[in-house]
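For reference, the structure is listed below as structure tokens.
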Amino acid sequence: MTRLRDRFGALLLDLDGTLYRGNDVIPGAPEALSGAASAQALMYVTNNASRSAAVVAAHLAGMGFTATENEVVTSAQAAAHVLADRLDRDATVLVVGTDDLVAEVERVGLRPVRRFEDTPPDAVVQGHSPHTAWPDLAEAAYALRAGVLWVAANTDATLPNERGLAPGNGSMVAALRTATDLEPIVAGKPYAPLMEDALDRADTRDALVVGDRLDTDIDGAHCVGLPSLLVLTGVSTLADLRKQPPERLPTFIADSLDALNHPAAQIDPAGADGDIANLLREHPGRAIPIAG
């Protein structure tokens with residue numbers, strides 16, 4: 001029987017909560033992705049905008065994954081593309097985030113700044129940084145109240161790490177939303193820009209989205225019309241799944257990433273109201289079809 005992974009030309013893989021938690025690799029994840037078919041693209045798609053693709057690739061390699069810089073697609077890159085599509089070349093962008101986000105803004109021909117001086121910038125871009133503080137948010141609020149474009153790399157409320165769930169970029173976006181009564185354009189999952197960047201890089205739309213979050217990975221798959229696999233190694237739980245309406249269900253659910261290397265269980269789609277826990281026990285190591 002055909003392995004689940006072999007049914008697709010590409011895998012769009014989430015990172016935090018799917019491959020690792022902070023600096024801790026999820027047990028079995030590197031082995032689950034080893035030995036990919038030569039024709040299958042593995043794209044590492046992350047909502048985290050704090051690190052460059054090269055740094056992410058090195059981090060993955062250090063954990064035992066085979067990943068190149070070109071296979072890593074970040075929300076910082078997607079946010080920079082959104083800005084470039086809407087601004088003239090050399091426009092100024094106030095950056096709330098890391099120097100790696102600054103570098104992505106520069107790479108698309110825009111001019112990053114850190115402060116709102118006498119003249120408002122043309123846009124604000126906001127990505128996760130563990131060092132974001134009140135002065136950074138204040139500069140952005142001043143600019144946004146002047147009426148400039150606002151792009152957020154993602155709106156993840158939390159960020160999984162080895163200690164648990166820390167505040168994510170979405171928590172900082174929420175602070176600016178409260179301060180300005182404005183809404184950003186969001187580049188990362190569950191919105192299309194990041195997913196489309198990954199599909200362009202993979203050069204195929206025959207792809208399976210794999211991730212641990214219903215609100216970003218699975219909703220992101222729905223946004224671009226792709227099937228999805230929810231793995232129970234990160235944020236979303238079976239209790240969360242039961243709250244989902246039918247149109248937001250994943251195509252498959254599995255305990256771990258290794259389900260990619262086995263055929264999916266041959267059962268009718270269970271739906272959110274099915275006894276998924278029992279089905280996972282009855283079909284160990286297999287992905288359970290959820291949505292038809």
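Heads up: numbering here begins at 1 and tracks the sequence.
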[X] and [Y]: which non-hydrogen atoms are nearest, and at how many Å?
X	Y	value
Ala192	Cys223	N-SG, 3.7 Å
Thr216	Asp156	CG2-OD1, 3.1 Å
Thr204	Leu199	O-CD2, 3.3 Å
Arg201	Glu71	NH1-N, 4.5 Å
Glu31	Ser34	O-OG, 2.8 Å
Val108	Ala80	CG2-O, 3.7 Å

With a 3.5 Å cut-off and sequence neighbours excluded, list the donor-acceptor pairs that the side chains of residues 56-67 form with protein atoms.
from	atom 1	to	atom 2	distance (Å)
His59	ND1	Arg51	NH1	2.8
His59	ND1	Arg51	NH2	3.4

Counting C-beta onward and ignoring hydrogens, is there a side-chain heavy-atom pair between [X] and [Y] closer than 4.5 Å?
X	Y	result
Pro184	Val173	yes
Pro120	Val148	yes
Pro289	Ile267	yes
Leu176	Leu144	yes
Pro167	Met172	no
Pro269	Ile290	no
Ser236	Leu230	yes
Asp197	His81	yes

Review item, side-chain donor-acceptor pairs of residues 238-245, under 3.5 Å, at least two apart:
from	atom 1	to	atom 2	distance (Å)
Asp240	OD2	Thr237	N	2.9
Asp240	OD2	Thr237	OG1	3.1
Gln244	NE2	Arg248	O	3.4

Quick check for you: to the nearest 0.5 Å, what is the distance between [X] atom [atom1] and [Y] atom [atom2]?
X	Y	atom1	atom2	result
Leu249	Leu214	CG	CG	8.5 Å
Ile218	Phe252	CD1	CZ	11.5 Å
Arg7	Leu260	CZ	CG	11.0 Å
Ser129	Asn169	OG	CG	9.5 Å
Leu4	Leu208	CG	CG	6.0 Å
Leu83	Asp122	CG	CG	10.0 Å

Salt bridge (charged side-chain N to carboxylate O under 4.0 Å, His left out) involving [X] - partner list, sequence neighbours excluded:
X	answer
Arg177	Glu183
Glu139	Arg115
Asp212	none
Glu196	Arg205

Checklist line | salt_bridge(Asp6, Arg3) N-O dist < 4.0 Å | finding: yes

Margin query: Between Asp14 and Arg213 (salt bridge meaning N to carboxylate O under 4.0 Å), is one present in this structure?
Written below: no

Can [Y] be reached from [X] by stepping across I, L, V, M, F, W or Y side chains whose heavy atoms are under 4.5 Å apart?
X	Y	result
Leu229	Leu19	yes
Leu257	Val72	yes
Leu137	Val125	no
Leu42	Val224	no
Leu232	Val235	no

Next item on the list: Applying ring-ring contact (aromatic ring centres under 6.0 Å, His included), name anything that partners Phe8, two or more places apart in sequence or on another chain.
Entry: none

With no hydrogens and no angle check, is any side-chain donor or acceptor of [X] less than 3.5 Å from a backbone partner on [Y]?
X	Y	result
Asp217	Val210	no
Thr233	Gly17	yes
Thr251	Ser228	yes
Thr98	Ser50	yes

Check: side-chain contact (heavy atoms from CB on, under 4.5 Å) between Leu15 and Asn47: does it pass, once the steps are laid out?
Finding: CA-CA 9 Å; Leu15 304 188; Asn47 255 7; over 6 Å; no

Next item on the list: Could you please spell out the steps behind the side-chain contact (heavy atoms from CB on, under 4.5 Å) verdict for Leu12 and Leu226?
Entry: CA-CA 10 Å; Leu12 306 191; Leu226 295 178; 4.0 Å; yes

Item checked: Pairs where residues 96-140 contributes a residue and the test ring pair (Phe, Tyr, Trp, His ring centres under 6.0 Å) is met, not counting sequence neighbours -> none

Item checked: Inter- and intrachain pairs under ring pair (Phe, Tyr, Trp, His ring centres under 6.0 Å), touching residues 137-166, at least two apart -> none

Next item on the list: Would you please test Arg21 and Asp16 for salt bridge (Lys or Arg N to Asp or Glu O under 4.0 Å) and show each step?
Entry: CA-CA 6 Å; Arg21 301 183 196 93; Asp16 293 308; over 6 Å; no

Item checked: Test side chain to side chain contact (heavy atoms under 4.5 Å, CB included) applied to Val124 and Val95, Val93, Leu94, the passing residue -> Leu94

Next item on the list: Scan for salt bridge (Lys or Arg N to Asp or Glu O under 4.0 Å) pairs involving residues 252-271, sequence neighbours excluded, and state none if there are none.
Entry: none

Margin query: Does anything in residues 85-103 form a salt bridge (Lys or Arg N to Asp or Glu O under 4.0 Å)? List the pairs, not counting sequence neighbours.
Written below: Asp90-Arg111, Asp99-Arg114

Check: When you look at Val73 and Leu194, which way does the side-chain contact (heavy atoms from CB on, under 4.5 Å) test go after all the steps?
Finding: CA-CA 7 Å; Val73 190; Leu194 176 59; 3.7 Å; yes

Check: Got a sec, which hydrophobics cluster with Val186, joining ILVMFWY side chains under 4.5 Å apart, including via others?
Finding: Tyr191

Item checked: Worked verdict on Ser75 versus Asn48 for side-chain contact (heavy atoms from CB on, under 4.5 Å) -> CA-CA 6 Å; Ser75 65; Asn48 193 330; 5.8 Å; no

